[in-house]
Structures are given as C-alpha cells and as structure tokens.
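Here the structure comes first, spelled out in structure tokens, and everything after it is commentary.
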Protein chains: 2
Amino acid sequence: MGIEERKQREKEERYNVIVDAAEKVIFSKGIEQATMQEIAREAELSKGTLYLYFKSKNELYTAITLRGSDMLNRRFARALGDDHSGLELVRKLGRLYLDFVKEHPDYFKAFMHYESMSDVEELRESDIAGQCEENRREALSFIIRALQIGMQDGTIDERYDPRELAMVLWASTRGITTVTHMKGEGHYFRVLDEMEIDTGALFDSYLALLSSGIASGKHKKES
Amino acid sequence: MGIEERKQREKEERYNVIVDAAEKVIFSKGIEQATMQEIAREAELSKGTLYLYFKSKNELYTAITLRGSDMLNRRFARALGDDHSGLELVRKLGRLYLDFVKEHPDYFKAFMHYESMSDVEELRESDIAGQCEENRREALSFIIRALQIGMQDGTIDERYDPRELAMVLWASTRGITTVTHMKGEGHYFRVLDEMEIDTGALFDSYLALLSSGIASGKHKKES
DNA sequence: CGATTAAAATGACTCGCAGTCATAAAGTGA
DNA sequence: TCACTTTATGACTGCGAGTCATTTTAATCG
C-alpha cells in the first residue's frame, strides 16, 4: 500500500514547485514587491493553495532560506571529509562561505532577511524556521569540529575554547561576507564603492589576520 | 527678518516630533506592525502631514537609522579625542560599538533593516539615506585614523593598508555585534541560547584574537 | 462500476494599510 | 481687510495578504 507514500511524495513535489516559483518571483523583484498572486501564477496554482503549504509569505521566504542553508551545509560537510589540517579546514570553511555568497547572493539576501526577522513571534511557530535553526547549529558544529581537529594536529592553539572560538569565527566571517555581498550589483553602500577595495583582497586580509591569531606558535607565518 | 529661520526651525521641530513618535511606535511593535496612522496619532498630526516630511514609511525608519548612527559617531568622535595608543583606540571603538548595541538594540535593529534594504531603488533617492551613508563613511574614517595613529606610535603593524584593515575590522566587528544583539530578549537563535556563551566573553575573545593579529611584534601579548 | 466520503484546490471576498489629493486652515504681507 | 502662499487634513483609492465557503479531485467500499 504505497498510497500514503505517493501522497507524501506529491506533497513534497508541490512544496518544491511552490518554492521554485517563489524563488523566481522573489529573486527577481525582491520580497517586498513580490506578491503571493504572482507566485501562485508562476507555480500554476491558486493563491489559496499556497496557504495550504505555507503559513505566510514570510514562511515561504523562510523556505528559501532553508534551501540556501541546506546547500551551504552540504558544501561544509563535503569539505570536512577532505584531508586537511585543522587550520586549513577553518580557512576552507570561510572561503566556502564567501564563494557561496558570491555565487548565490539571492540566498544570502534571504539569510539577511531571516536574521532581521529573528524577533518576530511568528518565526517560532514555524517548522521551517526550526529547520533553519537546526542548520545553524550544524554549521557551527562543523566549525567546532575543524577547530578540534586543528587542536589535535597541532595547527591551532589549544588554549582556546573551541565552542567560543567557533562562534567568534562564525560571527566575524558573517560580517565580512555581508560586506562582500553589499559590494555586489545594485547595493547602496557608497563608501564601499568609493574606496576601490577588492573584496577578494579584503577576505584574504581577514583570513591572514585570523590565522595569525588562532594558529599555534609554530604554525604562525610571521614575516 | 528671522521669519525664514523660524520657519526652518519649526520644520525641524516637526521633523523631530514625527521621528520621536515613529520611534515610540516602531520600537514597541516593530516596523512591520507599525502603521503610519498610529505614528500620526502619536505625533498629534494627520497621516498626510507625515508624508510632507517623509517620502515613505521606509524613509521614516531610515530617519531613525540616521539618529542612531549620529549617536554612535558622536561617541566614536569623543573617544578619538582621548589620549590612547592607536591599538587601544581601535579596541575602544569596538567596545563602544558593542556598548551601543547593548544600550540601544532598537537602533541596531534599524541598522539591520537599513542594510537589508540596501538594494531597494527607493533608498538612493533619499536625502536621509544619503546622510546615513555619510555617517558610514565617517565611522570608517575614525577607524582608519585610529589605525594610522597606531602605526605612528608603533602599536600597530605598519605593513597593513589602513583602509583595507579598517574595512575588515568594521565588517567583522559588525558580525560580532550582530550576534550579541541576537542574544538579547526575544530573538529566535537557538544555538546561541543552547551554548550558554556569555557575549561579553565572546567579544573579549574576538578583541584578543584581532589584537594579536594587528599589533606590531613588540606589542603582542604572547603567553 | 456508481455511490460515499475524505482530502486538496480554488478564487471571490474581507480587511487593513500605504500612499494620494482635493479641500481647508493658518500664516504672511500689503 | 483682502489676496496669496504655505502647511495641514482626512476621506479616498488601490492593492495585496490572508480567509473560507464552495468545488474538484481522489481514495474507499459495496
């Protein structure tokens, strides 16, 4: 009796069709200008149906956030499988994040929006937001693991608390990627345009700075 | 003939009355739930009048952002007058930013919203947003100055490009303050709650990390 | 196969708000 | 007091999020 399963599958399929449509519309006109009507049209469904799958427009946008964070975490997970030193792994994770932002600025925008909503009651009731939180936890755990590997193989200073340090790295890297994101097409951020700073160089500076801070004595590259 | 001046003054006064009212309403219910009608009531003016002073609800919120950034910059400016080493100044600026966020989370929320709007056309036409950009430039220039002071007095490694480094510091500090902000009342950020990390300690770690990265050789505090 | 019931989809409708604009009031100057 | 300009008003419009009574589709059973 595979009927239940088939129904389940069809439900997931519809869910994905809707999120696909939402991405098309929201990525092209922005969350504020996008309307549920248009997303419904794009998905070839009625507006009402959208509300059978998502509690609100915001939750639908959260589903997009979830997709982005899934993708990012998959990349992180893959990198952790590689055979690198802990310090290299930490750098690698940072670089993957940056690449992701450059490659998928629309998902990053969704991340930003999700964060700016973090004090809205509505979020807490949403399963989808719950999964986003789970992904955040996982991402952080990847960094912690990389740090622990580094402490074992001697590339990272073992006097740090890996959990605290992971949070510091996560947060500060997020800041750098935000700036990189805003350097992109169509953002109003004058100073960034005027100082003709290359964001690649910016990120390299950042990594060098951090590396020298977290590396164990013998692995610091001092001039 | 002080009539023109008086009119000017009255205009500014009304502007401030409106922004005061907007703060009351928006800070208490959030930008999405706040209505222009209610802000008008709070300001004891009609809704139409609000639109004589602000192009849109978003621009009104931008005016709040401007107030916040003015306040922050004033604090920065004051600190730069103090007699500190460059390295200490850089740390001081970071700490001032953090204190500001803790003291005025609502302004910081406005900052976040302003950033998440940076790709909306509308912003570019707004004088008020222009002043926000000017403030960003000024804030960055404070950091650059602190770095230059440090390079002169020998507390900061002079091999860095101060402008690039300033941007790195600005961006990464922003990331840390964001996390600190989200640790506060009513934010949905599970990992942060579960790991019972103190944000004060987090910031200290961050500062220590950076300091060891940017300090000149003789000013590093190695164990 | 109908017939019966359950589940999913629909789109017309409500409601609330951002933003407008014709009208009114207040201020200015002669 | 009148003519004219500037500022304020709130009724009004348009639009879009979210709802829900109704219809359509699909599963279940005799």
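Protein chains get the first letters and strands the later ones, always in sequence-line order, with residue 1 at the start of each. Because the structure is a prediction, the values reported are computed rather than measured.
Checking A:I176, A:V90, A:L169 one by one against A:L210, the side-chain contact (heavy atoms from CB on, under 4.5 Å) holds for a single residue, A:L169.
Checking C:dA9, C:dA7, D:dT6 against the side-chain heavy atoms of A:S46 singles out C:dA9 as nearest. Side-chain proximity of B:L45 to the nucleotides D:dT9, C:dA9, C:dT28 is greatest for D:dT9.
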Apply side chain to side chain donor-acceptor pair (under 3.5 Å) to A:S118 and B:H187, showing your working. CA-CA 5 Å; A:S118 70; B:H187 284 263; 2.7 Å; yes
If you apply the rule side chain to side chain donor-acceptor pair (under 3.5 Å), what do you find for B:R136 with B:S69, and how did you get there? CA-CA 8 Å; B:R136 268 216 265 234; B:S69 65; over 6 Å; no
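Rounded to an integer number of Å, the gap from B:L52 CG to C:dG19 C1' is 12 Å. Regarding A:E10, its CD atom lies at a distance of 15 Å from the P atom of C:dA7, rounded to whole Å. Atom CD of A:E13 and atom P of C:dA8 are 15 Å apart (whole Å). The distance between atom CD of B:E59 and atom P of C:dA18, rounded to the nearest whole Å, is 15 Å. Summarising the geometry, the separation between CG on B:N58 and P on C:dC17 is reported as 16 Å, rounded to the nearest angstrom. Regarding A:K7, its NZ atom lies at a distance of 10 Å from the P atom of C:dA9, rounded to whole Å. Protein atom CD of A:E44 is 13 Å distant from nucleotide atom P of C:dG11, rounded to whole Å. Protein atom CD of B:Q37 is 13 Å distant from nucleotide atom C1' of D:dC12, rounded to whole Å.
The residue B:Y53 sits close only to the backbone: its heavy atoms come under 4.0 Å of sugar-phosphate atoms, none of a base. Contacts of B:A40 with the nucleic acid, taken as non-hydrogen atoms under 4.0 Å apart, are absent.
Residues B:G48 and B:K11 each lie close to DNA chain D; by heavy-atom proximity, the contact nearer the 5' end of the strand is made by B:K11.
The shortest distance between the side-chain N/O atoms of A:R14 and the OP1/OP2 oxygens of C:dA9 is below 4.0 Å. For B:T49 and D:dA8, the shortest distance from a side-chain N or O to OP1 or OP2 is not below 4.0 Å. Distances shown here put every side-chain N or O of B:Y51 at or beyond 4.0 Å from the OP1 or OP2 atom of D:dA8.
If you check distances only, the side chain of A:K47 does reach the base of D:dG18 with a donor-acceptor pair under 3.5 Å.
The distance from atom OH of A:Y61 to atom NZ of A:K109, rounded to the nearest 0.5 Å, is 6.0 Å.
By the 4.0 Å N-to-carboxylate-O rule, B:E12 lies too far from B:R9 to be salt-bridged with it.
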